[in-house]
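Scroll down for the structure; my scribbles are underneath it.
As the structure is a computational prediction, the values presented were derived from the model and not from experiment. Whatever order the structure lists them in is the order used to number ligands and atoms, beginning at 1.
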Amino acid sequence: MLTFPDVIRLKAVEDGRMIGFVAGDPRPRDGWGWIATIAVDPRFQRRGVGTALLHQCESKLGVPRARLTVRMSNNGAISLYEREGYQVIDVWRAYYNDGEDAIVMEKTL
Ligand SMILES: CC(C)(COP(=O)(O)OP(=O)(O)OC[C@H]1O[C@@H](n2cnc3c(N)ncnc32)[C@H](O)[C@@H]1OP(=O)(O)O)[C@@H](O)C(=O)NCCC(=O)NCCS
């Protein structure tokens with residue numbers, strides 16, 4: 001993610017320190033891009049940083065739709081994505097290394 005060309009990489013900074021990041025992978029030929037990773041330092045969560053990172057990444061993807069995968073058990077992240085207009089479009093069984101299922105979500109931008 002840090003080295004691939006065309007990948008969108010954004011960080012959130014407070015007092016000169018990184019407190020969150022997001023990476024987006026545009027796939028213009030598919031008509032969508034992937035929110036590949038997003039995280040906020042636990043000490044700075046629930047302040048809107050994740051939402052701001054998501055919005056910025058969505059706007060820079062330059063494609064009609066954004067997609068992402070999230071662990072079935074990650075209720076906090078799923079809440080955020082639902083609030084931001086993402087809808088479940090698929091479930092990938094045993095997608096993660098530990099066997100957990102992934103929910104695939106999509107939003108029309
Ligand atoms: C998911 C994550 C990026 C959200 O970042 P954040 O800065 O806390 O998000 P925001 O403050 O913008 O949250 C916006 C809304 O999303 C929902 N939300 C976010 N985290 C939540 C949680 N832990 N539980 C329930 N709802 C949550 C809430 O509706 C929240 O609004 P509110 O605080 O007014 O109730 C952060 O929890 C994180 O880094 N988690 C660990 C990494 C991770 O799971 N990444 C996603 C992988 S797919």
Side-chain angles (χ1 to χ4, degrees):
M1 278 296 118
L2 292 175
T3 56
F4 289 164
D6 302 327
V7 168
I8 292 145
R9 294 170 282 263
L10 298 167
K11 58 185 176 181
V13 175
E14 186 166 287
D15 294 332
R17 297 172 63 186
M18 187 170 85
I19 61 166
F21 62 87
V22 65
D25 184 10
R27 301 285 176 90
R29 274 175 293 186
D30 295 332
W32 61 77
W34 290 95
I35 305 293
T37 179
I38 182 168
V40 174
D41 183 323
R43 293 168 293 181
F44 296 88
Q45 290 179 3
R46 305 303 289 269
R47 296 192 198 175
V49 176
T51 303
L53 285 166
L54 190 60
H55 287 172
Q56 282 297 312
C57 192
E58 288 169 351
S59 69
K60 289 177 186 293
L61 276 175
V63 288
R65 286 171 286 156
R67 289 187 176 186
L68 54 83
T69 56
V70 58
R71 283 179 179 268
M72 188 81 83
S73 62
N74 195 344
N75 295 321
I78 292 168
S79 295
L80 166 62
Y81 301 142
E82 286 178 339
R83 199 175 96 161
E84 290 306 313
Y86 285 82
Q87 295 182 324
V88 177
I89 57 165
D90 204 356
V91 174
W92 291 347
R93 299 289 171 199
Y95 174 71
Y96 295 101
N97 286 341
D98 61 2
E100 187 167 354
D101 296 343
I103 296 177
V104 186
M105 303 184 83
E106 183 180 87
K107 175 182 177 180
T108 300
L109 299 175

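- At the top of the distance list for atom 44 (O) of ligand 1, counting protein heavy atoms only, stands Asn74 ND2, 2.7 Å.
- No side-chain donor-acceptor contact under 3.5 Å links Asp41 to the backbone of Gly20.
- Under the 4.0 Å criterion applied to side-chain N and carboxylate O atoms, Arg47 and Glu14 are assigned as salt-bridge partners.
- Applying the 4.0 Å criterion to heavy atoms of Thr69 picks out, from ligand 1, the atoms 48 (S).
- Looking only at protein heavy atoms, the nearest one to atom 38 (C) of ligand 1 is Gln45 NE2, 3.3 Å.
- Near Val49, meaning under 4.0 Å from any of its heavy atoms, are these atoms of ligand 1: 7 (O), 12 (O).
- Closest of all the heavy-atom pairs between Ile8 and Pro26 is CD1-CG, 4.0 Å.
- Here the heavy atom of the protein found nearest to atom 48 (S) of ligand 1 is Tyr81 OH, 3.3 Å.
- Shortest non-hydrogen contact noted between Leu10 and Cys57 is CD1-N, 3.7 Å.
- Of all protein heavy atoms, the one closest to atom 34 (O) of ligand 1 is Arg83 NH1, 3.4 Å.
- Within 6.0 Å of the CG atom in Asp15, the count of heavy atoms belonging to other residues, nucleotides or ligands does not exceed 12.
- Between the side chain of Asp30 and the main chain of Trp32, no donor-acceptor pair closer than 3.5 Å is present.
- Remark: the backbone N or O of Val104 is not paired with any side-chain donor or acceptor of Arg67 at under 3.5 angstrom.
- Close approach to Gly48 involves these atoms of ligand 1, each under 4.0 Å from a residue heavy atom: 10 (P), 11 (O), 12 (O).
- Heavy atoms of other residues, nucleotides or ligands lying less than 6.0 angstrom from OH of Tyr95 number 12 at most.
- One option in Ser73, Ser79, Gly76 has a heavy atom closer to atom 23 (N) of ligand 1 than any other, and that option is Gly76.
- Summary of contacts: the protein heavy atom closest to atom 39 (O) of ligand 1 is Val40 N, 2.7 Å.
- Of the protein's non-hydrogen atoms, Ile38 O, 2.8 Å is the one closest to atom 45 (N) of ligand 1.
- Listed by number with element, the atoms of ligand 1 under 4.0 angstrom from any heavy atom of Leu80 are 4 (C), 14 (C), 16 (O), 17 (C).
- Scanning the protein for heavy atoms near atom 13 (O) of ligand 1, the closest one is Thr51 OG1, 4.0 Å.
- Close approach of ligand 1 to Val70 (heavy-atom distance below 4.0 Å) involves ligand atoms 48 (S).
- Residue Glu84 comes nearest to Thr51 through the heavy atom pair OE2-CG2, 3.5 Å, listed as atom of the first residue, atom of the second, then distance.
- Here the protein heavy atom with the shortest distance to atom 25 (C) of ligand 1 is Arg46 NH1, 3.6 Å.
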